[in-house]
Amino acid sequence: MPELPEVETIKEAMRNAIDGALIKSVRIRNRHLRQKIPDNFENIVCLSHVRRLYRIAKYAIMELDNGYCIIWHFGMSGKIKIEKESGFALEKHDHVVISTSKGILIYNDPRRFGLVSLIETTKINENPLFSNLGCDPFDKQFTSTYLINKLCHKHIPIKTALLDQSIVAGIGNIYASEALYEAHISPLRECCSITEKESKSLIEAIRITLKKAINAGGSTLHDYRQPDGNIGYFQLQHAVYGKEGETCPRCAKKHPCKIQRITQGGRSTYYCPHTQK
DNA sequence: AGTGAGGCCTGAAAGC
DNA sequence: TGCTTTCAGGCCTCAC
């Protein structure tokens, strides 16, 4: 489930593979993703060059030299595969195939929660996908003051707030749990109860957690050179996520206590009731 | 306005 | 064994 670190990894892999490439052909096998892929997608994209690749929140942006950007979002199950040469077999759920002078890009998404779209480069910031996004966790503007201002009037649990992309953009369900564990803050805490000091350590924890994950994702980049061509698939050594009933690593020595799973906003949250206050 | 619930979608896993 | 049900979650829409 691609959150910020996975998208960062996918973006880097795309950059390494096809930055500067000429797009030679586009084949769309299924237009019906979270949003319908625009009808003029192929016409606009073909014969342009990839000018640069970057990331906004959980979106990878592929800027072209014709005034447009291709927007990639991976929802829950979206993947990018890169093939060096034609002759490979397309798989189920390979929805978009872009052939370039440097390789072939394949977008695969079984659940179709992701999207592939096209936006004029000068109009990205006003596009509804991006106009309401909060700070990037690595942005200098993501300070304890910023976060406190976003949280201080809210009565929802802090865990739920971390999933709100208009507060901080890029965190998903896994890293919300992991970051709160790292910060020793209970996911049940009401936003407005978070102190300046806690806000500071939460920001620190978010950055540490995401950075670790990016580094781990980076290490899987090696795999994509292998014949299967898979990239961006990555597993983190989670401290709490998916570890219900296991002993909390922090408590292990002193007073063994179990990691709990609860549901917040219809999503699983994992935490240690003993060390997260 | 702020908040919560439901829906989209498929495949893996659990339940029967 | 083979079927049905449940669960996973990013993000949007709708209702209170």
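The sequence lines fix the lettering, A, B, ..., with proteins before strands; numbering per chain opens at 1.
The distance from the CD1 atom of A/Ile61 to the CD1 atom of A/Ile56 is 4.0 Å, given to the nearest 0.5 Å. Distance check, rounded to the nearest 0.5 Å: CG of A/Leu151 to CD1 of A/Ile167 gives 5.5 Å. Taken to the nearest 0.5 Å, the CD1 atom of A/Ile71 stands 8.0 Å off from the CG atom of A/Leu118.
Applying the ring pair (Phe, Tyr, Trp, His ring centres under 6.0 Å) test to residues at least two apart or on different chains, none of the pairs has a partner in residues 195-217 of chain A. Screening residues 257-277 of chain A for ring pair (Phe, Tyr, Trp, His ring centres under 6.0 Å), with sequence neighbours left out, gives A/Tyr241-A/Tyr270, A/His255-A/His274.
A sub-4.0 Å separation between OP1 or OP2 of B/dG2 and a side-chain N or O of A/Lys154 is absent. Distances shorter than 4.0 Å separate some side-chain N or O of A/His93 from OP1 or OP2 on B/dG11. Dashed line: the shortest gap from a side-chain N or O of A/Lys92 to OP1 or OP2 of B/dT10 is not under 4.0 Å.
Note on ring orientation: taking the six-membered ring where Trp is involved, the planes of A/Phe130 and A/Tyr59 are perpendicular (angle over 60°, cut-offs 30° and 60°).
Salt-bridge formation is not detected for the pair A/Glu178/A/Lys212: no Lys NZ or Arg NE/NH1/NH2 atom is positioned less than 4.0 Å from an Asp or Glu carboxylate oxygen. Ion pairing between A/Glu8 and A/Lys11 holds under the 4.0 Å rule for side-chain N and carboxylate O.
As rounded to whole Å, 13 Å separates atom P of B/dT10 from atom CG of A/Asn108. What separates CD of A/Gln165 from P of C/dC12 is a distance of 9 Å, to the nearest Å. Computed from coordinates, the A/Ile174 CD1 to C/dC7 C1' distance equals 15 Å when rounded to whole Å. Atom-to-atom, CE of A/Met76 to C1' of C/dC11 comes out at 12 Å; the value is rounded to the nearest Å. Look at CD1 on A/Ile171: it is 16 Å from C1' on C/dC11, rounded to the nearest Å. The distance between atom CG of A/Asp164 and atom C1' of C/dG9, rounded to the nearest whole Å, is 16 Å. Rounded to an integer number of Å, the gap from A/Arg34 CZ to B/dC9 C1' is 13 Å. B/dC8 atom C1' lies 14 Å from atom NE2 of A/His32, rounded to whole Å.
Between the side chains of A/Asp109 and A/Ser77, a donor-acceptor pair is found at a separation under 3.5 Å. Between the side chains of A/Asn173 and A/Lys159, at least one donor N or O lies within less than 3.5 Å of an accepting N or O.
Under the 3.5 Å distance criterion, the side-chain polar atoms of A/Asn66 are matched with a main-chain donor or acceptor of A/Ile44. At distances below 3.5 Å, at least one donor-acceptor pair connects side-chain atoms of A/Gln165 with backbone N or O atoms of A/Leu163. No donor-acceptor pair under 3.5 Å is formed between the side chain of A/Glu12 and the backbone N or O of A/Thr9. At distances below 3.5 Å, not a single donor-acceptor pair connects side-chain atoms of A/Gln141 with backbone N or O atoms of A/Cys135.
The listed nucleotides are C/dG10, C/dC11, C/dG9; the one nearest the side chain of A/Ser268 is C/dG9. If you check B/dT10, C/dC11, C/dG10 against the side chain of A/Pro110, the one that comes closest is B/dT10.
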Kindly give the atom pairs (protein nitrogen or oxygen, nucleotide nitrogen or oxygen) under 3.5 Å for nucleotides 13-16 of chain C.
none

Could you go over nucleotides 4-6 of chain B and give all protein N or O partners under 3.5 Å, atom names and distances?
none

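Note that the two end axes of the helix from B/dG2-C/dC16 to B/dC16-C/dG2 enclose an angle of 60°, each drawn from 5 base pairs, rounded to 10 degrees.
Within residues 111-121 of chain A, the residues that place at least one heavy atom under 4.0 Å from DNA chain C are, in residue-number order, A/Arg111, A/Phe113.
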